[in-house]
There are 2 protein chains.
Amino acid sequence: MIVEIDPDAATPPYEQLRTQIAALIRTGGLAVGTRLPSIRQLARDLGLAAGTVARAYRELEAEGYLRGRAGQGTVVREIPRLSEAERTARLTDAARAYAAAVRELGIEVEVALTTAQYHLTHPAG
Amino acid sequence: MIVEIDPDAATPPYEQLRTQIAALIRTGGLAVGTRLPSIRQLARDLGLAAGTVARAYRELEAEGYLRGRAGQGTVVREIPRLSEAERTARLTDAARAYAAAVRELGIEVEVALTTAQYHLTHPAG
DNA sequence: CCAAATGTACTGCCATATTGATACATTAGG
DNA sequence: CCTAATGTATCAATATGGCAGTACATTTGG
């Protein structure tokens, strides 16, 4: 499993880990049914504390991505589908935040939309 | 001056204050040359500590919005213009964040753009 | 039945951010 | 010159978040 943790990043390690695993599952890099490394194993590999990896797993389990059971390990369960209400709520939050930033910068709507489109269609850029 | 502070919000009071004053200046609600309430006065009105208001003023001064001098009070100085590099850098950050959220929700680009446009053109919504 | 590996839960520690309070410096005005 | 009002600077207390470590529960496999 390919994950990279930057200890100096603004987002804490457990969150980096959570995001990257979720992305891997969404993109098919980790198929449903795949068993993940054990908490302690992954912690060693990444130079993190076990509790940190445990937290990432725990949250991903709460979101529906994973299923972990003692003695058996942790396995990819599904690609969770949020309720429509939940999705629109989160989208609204994100859009509001973007709009607020754009407004504070005094940037025109056209430019803001073009920029958004670019980053939506070019994930790496 | 119309500002509202929500003590229970995720963003801390000093940041709420900073954002709202900056918005007022940008939108013309506070014209250049206008004198703001004194730190202590505004703190009393909002139920905040003087240091909290002082911080908001200080940061706004660092950004170029205000100019404060002891004995004279604090006055709206200008609507600061960021360098082009700074503006594009911040716009990029904001767009990346929005794109990341959209991607994590698995929402289509079209929908994301329409939503962004709505919130860009309807500040209140 | 037992040992090893696994996830879970809990607790204390540390770093950071925010606040609240106090003392200090500056200016205007009488 | 002096007082009052202002902004500035600094410090301690508090809350929060994240982390590391430890003990516990569960399952598998021999």
[Y] and [X], any side-chain heavy atoms less than 4.5 Å apart:
| X | Y | value |
| --- | --- | --- |
| B:Val75 | B:Thr34 | no |
| A:Arg58 | A:Glu61 | no |
| A:Arg77 | A:Leu66 | no |
| B:Gln20 | B:Leu24 | no |

Exercise: do A:Arg18 and A:Tyr57 side chains pair donor with acceptor under 3.5 Å: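 The criterion, which ignores hydrogens and geometry beyond distance, is not satisfied for A:Tyr57 and A:Arg18.
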Rounded to the Å, how far apart are [X] [atom1] and [N] [atom2]?
| X | N | atom1 | atom2 | result |
| --- | --- | --- | --- | --- |
| B:Arg67 | D:dT8 | CZ | C1' | 13 Å |
| A:Leu46 | D:dC19 | CG | P | 12 Å |
| B:Gln16 | C:dA17 | CD | P | 18 Å |
| B:Leu60 | D:dG7 | CG | P | 13 Å |
| B:Glu59 | C:dT18 | CD | P | 9 Å |
| B:Gln41 | D:dA4 | CD | C1' | 15 Å |
| B:Glu15 | C:dT19 | CD | P | 10 Å |
| B:Arg58 | C:dT18 | CZ | C1' | 12 Å |

Are A:Ser38 and C:dA5 close enough that a side-chain N or O sits under 4.0 Å from OP1 or OP2?
no
Of A:Arg55 and A:Gly71, the one whose nearest nucleotide on DNA chain D sits closer to the 5' end is A:Arg55
By nearest-heavy-atom nucleotide on DNA chain D, the more 5' of A:Arg69 and A:Thr52 is A:Thr52
Nucleotide of [options] approaching [X] most closely (side-chain heavy atoms):
| X | options | answer |
| --- | --- | --- |
| B:Tyr57 | D:dG7, C:dG20, D:dG18 | D:dG7 |
| B:Pro13 | C:dT19, C:dT6, D:dT6 | C:dT19 |
| B:Arg40 | D:dT8, D:dA23, C:dG20 | D:dT8 |
| A:Arg35 | C:dT6, D:dT28, C:dT18 | C:dT6 |
| B:Pro12 | C:dT18, D:dC19, D:dT6 | C:dT18 |
| A:Ile39 | C:dA25, C:dG7, D:dC19 | C:dG7 |

task = With heavy atoms under 4.0 Å as the rule, sort A:Glu61 into base, sugar-phosphate or nothing.
result = sugar-phosphate
Comparing A:Gln72 with A:Gly51, nearest DNA chain C nucleotide closer to 5' gives the residue A:Gln72
